[in-house]
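Everything on this sheet refers to the single structure shown next.
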Amino acid sequence: MKAQLKPRINLEGRTALETVIPIETPFIVFMDPASSCNFKCTFCPTGHRQLIAETGRFQGAMKYDVFIKAIDDLAGFGKPIKVLRMYKDGEPFLNRRLADMIAYAKKSGYVDYIDTTTNGTFLTPERLGPVIEAGLDKINISVDGMTRETYREFTGFDFDFDKFVAGVKWLYENKGEMEISIKIPGELITEPQRQEFFDTFGDHCDRIFIENFAPCWPEFNVEERSGIKIGDVGIYQQQLRPTDTCPYIFYAMSVNADGLVSSCFLDWGRKLIIGDVRKETLVQIWNSDKMNALRLQHLEGRRCENQVCGNCGQLTHCLPDNIDDHRPMLLERFREKVKIADGVVAPGGVRKIVPVAAE
């Protein structure tokens with residue numbers, strides 16, 4: 001097998017967050033090319049059409065001018081962000097201008113690295129060629145079963161698996177410098193199919209991994225919705241550990257397909273909105289009272305007062321970073337550098353945030 005047995009995120013060489021918080025320039029910005037998806041996955045909120053309709057969430061593709069505005073806003077940080085993640089709630093290839101977006105971001109000089117994640121429906125030379133030419137650095141490909149029947153059961157889609165495999169092989173042969181990562185949830189395959197997975201894809205990607213399902217979506221019960229039992233190990237087969245302070249809100253934010261900005265990429269229900277890129281700059285949003293109030297809430301040990309963050313399984317099953325032991329020091333540092341206006345409430349919170357005085 002040519003591929004490395006390695007998860008899609010880099011677990012090694014990570015920045016010690018306690019040495020850099022508060023961070024002036026976010027490490028990661030998610031920008032969602034499309035909030036809709038052609039799959040109806042039982043284990044994902046987006047797959048439940050009625051559930052999403054009840055939130056009033058925009059369903060569709062990001063307009064190109066909104067994307068351009070967001071990329072241009074990155075200039076205000078003074079240095080490039082480390083990663084532009086072009087995915088969040090939906091299937092990125094549903095946006096016909098995905099390649100144009102990647103090319104624009106790549107040429108801007110405001111982004112060091114660009115990746116995306118796809119369900120593999122559109123892995124054809126016609127769709128992949130422009131994306132490769134645009135300079136995409138990495139593509140994560142999700143495999144949701146090893147048979148057409150499994151796809152029908154868990155994604156509600158009549159997936160042409162053989163065509164998909166052919167598309168992966170073409171991509172690997174023509175990818176240039178792009179990295180290809182392929183993963184599958186272990187709960188969707190039998191024991192014999194684990195080896196079949198490696199045999200089918202292991203020579204046609206750069207890294208490959210069998211993940212575990214995780215209760216990552218706040219206020220969305222994966223087990224009840226999908227019938228899949230969540231195990232006692234993390235998404236990357238790591239040991240579970242209690243975590244109280246979310247690190248993501250200190251180094252990342254997410255631009256939704258309609259331009260609304262969430263503090264978290266798991267904000268499927270739009271309850272953690274901190275701004276609107278159509279009306280504000282990303283620098284303003286990153287340093288906004290709403291975002292800082294949420295950070296303060298976590299640093300003060302009041303995360304569970306937040307109706308969304310308090311119901312997030314990402315903290316136990318998925319986190320590569322943990323800043324809990326450094327919270328008293330980070331709280332003191334945060335209070336010295338950040339001022340929050342009186343009466344500001346953290347998104348998703350239920351109690352008023354006490355204003356912090358700055359020298």
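Just the heavy atoms: all of them, side chains too, but no hydrogens, waters or symmetry mates, feed the values below. Given the structure is predicted, the values throughout are model-derived calculations rather than measurements.
- The pair R8-E211 counts as a salt bridge, with a side-chain nitrogen and a carboxylate oxygen less than 4.0 angstrom apart.
- By the 6.0 Å contact criterion, NZ on K63 is open, its count of non-hydrogen atoms from other residues, nucleotides or ligands being 12 or less.
- Side-chain N/O atoms of N311 and Q307 include no donor and acceptor closer than 3.5 Å.
- Atom CD of E133 has 12 or fewer neighbouring heavy atoms from other residues, nucleotides or ligands inside a 6.0 Å radius.
- K183 and N140 form no side-chain donor-acceptor contact under 3.5 Å, judged by distance and modelled atom types alone.
- Side chain of E223 to main chain of N221: no donor-acceptor pair is present (N/O by atom type, distance under 3.5 Å, no hydrogens or angles).
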Point to revise | Stepwise salt bridge (charged side-chain N to carboxylate O under 4.0 Å, His left out) check, R327 with D244 | key: CA-CA 10 Å; R327 198 164 67 195; D244 193 43; 2.7 Å; yes
Check your understanding: Checking salt bridge (charged side-chain N to carboxylate O under 4.0 Å, His left out) for the pair E280/K69: CA distance, chi angles, key distance, verdict?
Key -> CA-CA 10 Å; E280 308 156 87; K69 162 66 165 58; over 6 Å; no
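- At a cut-off of 3.5 Å, with distance as the only test, no side-chain donor of D89 or S35 sits close to an acceptor on the other residue.
- With hydrogens and angles disregarded, no donor-acceptor distance shorter than 3.5 Å links the side chain of N174 to the backbone of G129.
- Linking Ile, Leu, Val, Met, Phe, Trp and Tyr whenever their side-chain heavy atoms come within less than 4.5 Å puts I249 and M329 in one cluster.
- Between R85 and D115, at least one side-chain N (NZ, or NE/NH1/NH2) sits under 4.0 Å from a carboxylate O, which counts as a salt bridge.
- Within a 6.0 Å sphere centred on CZ of R96, other residues, nucleotides and ligands contribute 12 heavy atoms or fewer.
- Y87 is not listed as a side-chain neighbour of F265, based on a closest heavy-atom distance of 4.5 Å or more.
- Counting heavy atoms of neighbouring residues, nucleotides and ligands inside a 6.0 Å radius, atom CD of E177 does not exceed 12 of them.
- A distance-only check finds no donor-acceptor pair linking the side chain of R302 to the backbone of L299 [under 3.5 Å].
- Using a 4.5 Å heavy-atom cutoff, the side chains of Y172 and D206 are in contact.
- F122 carries R127 over the face of its six-membered ring, with the cationic atom under 6.0 Å from the centre and within 45° of the normal.
- Taking the six-membered ring for Trp, H317 and F213 have ring centres at least 6.0 Å apart.
- For F39 and F157, the ring centers are positioned less than 6.0 Å apart.
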Practice item. Tell me, with the steps shown, if K271 and E219 meet salt bridge (charged side-chain N to carboxylate O under 4.0 Å, His left out). Key: CA-CA 11 Å; K271 293 184 177 180; E219 301 182 313; 3.0 Å; yes
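- Remark: side-chain polar atoms of Q237 are paired, donor with acceptor, to backbone N or O of I210 under 3.5 angstrom.
- Side-chain contact between P33 and L94: absent, with no pair of heavy atoms (C-beta onward) separated by less than 4.5 Å.
- For the pair M101 and Y64, the minimum side-chain heavy-atom distance is below 4.5 Å.
- Without hydrogens or angle criteria, W286 side chain to A252 main chain gives no donor-acceptor distance under 3.5 Å.
- Taking the six-membered ring for Trp, F209 and F198 have ring centres at least 6.0 Å apart.
- No hydrogens or angles considered: nothing links the side chains of R303 and N306 as a donor-acceptor pair under 3.5 Å.
- To the nearest 0.5 Å, atoms NZ (K138) and CD1 (I141) are separated by 11.0 Å.
- Within 6.0 Å of atom CD in E149, more than 12 heavy atoms from other residues, nucleotides or ligands are found, so the atom counts as buried in its surroundings.
- Judged purely by distance below 3.5 Å, without hydrogens or angles, the side chains of D72 and S108 never pair a donor atom with an acceptor atom.
- Residues I228 and L188 are in side-chain contact: their nearest non-hydrogen atoms beyond the backbone lie under 4.5 Å apart.
- Between the side chains of N38 and N119, at least one donor N or O sits under 3.5 Å from an acceptor N or O.
- Using a distance-only test at 3.5 Å, with no hydrogens or angles considered, a donor-acceptor pair links the side chain of T200 to the main chain of E196.
- Between the side chain of N95 and the backbone N or O of R97, at least one donor-acceptor pair lies under 3.5 Å.
- T118 and E91 share a donor-acceptor pair across their side chains, judged by distance under 3.5 Å alone.
- R207 pairs in a side chain to side chain contact (heavy atoms under 4.5 Å, CB included) with only one of the listed residues (I180, N10, I182, L5), which is N10.
- Scanning both residues, F164 and G120, for their nearest heavy atoms gives CD1-O, 3.6 Å.
- Salt bridge status for E12 with K6: present, with a side-chain N to carboxylate O gap under 4.0 Å.
- Between the side chain of R333 and the backbone N or O of E18 there is at least one donor-acceptor pair closer than 3.5 Å.
- Of the residues F220, W217, F43, the one that meets the ring pair (Phe, Tyr, Trp, His ring centres under 6.0 Å) test with H48 is F220.
- Remark: K82 is positioned above the aromatic ring of F27, its terminal NZ or CZ atom under 6.0 angstrom from the ring centre and at most 45 degrees off the axis.
- Counting heavy atoms from C-beta on, the side chains of N256 and V261 never come closer than 4.5 Å.
- A side-chain donor-acceptor contact under 3.5 Å links T147 to the backbone of T150.
- A continuous path of Ile, Leu, Val, Met, Phe, Trp and Tyr side chains, each step under 4.5 Å between heavy atoms, connects I114 with I68, placing both in one hydrophobic cluster.
- A donor-acceptor pair shorter than 3.5 Å can be found between the side chains of Q59 and R57.
- Cation-pi contact between R148 and F161: absent, since separation from the ring centre below 6.0 Å together with deviation from the ring axis within 45° is not met.
- In the model, T155 has no side-chain atom that pairs as donor or acceptor with a side-chain atom of D144 under 3.5 Å.
- No side-chain donor-acceptor contact under 3.5 Å links Q297 to the backbone of L294.
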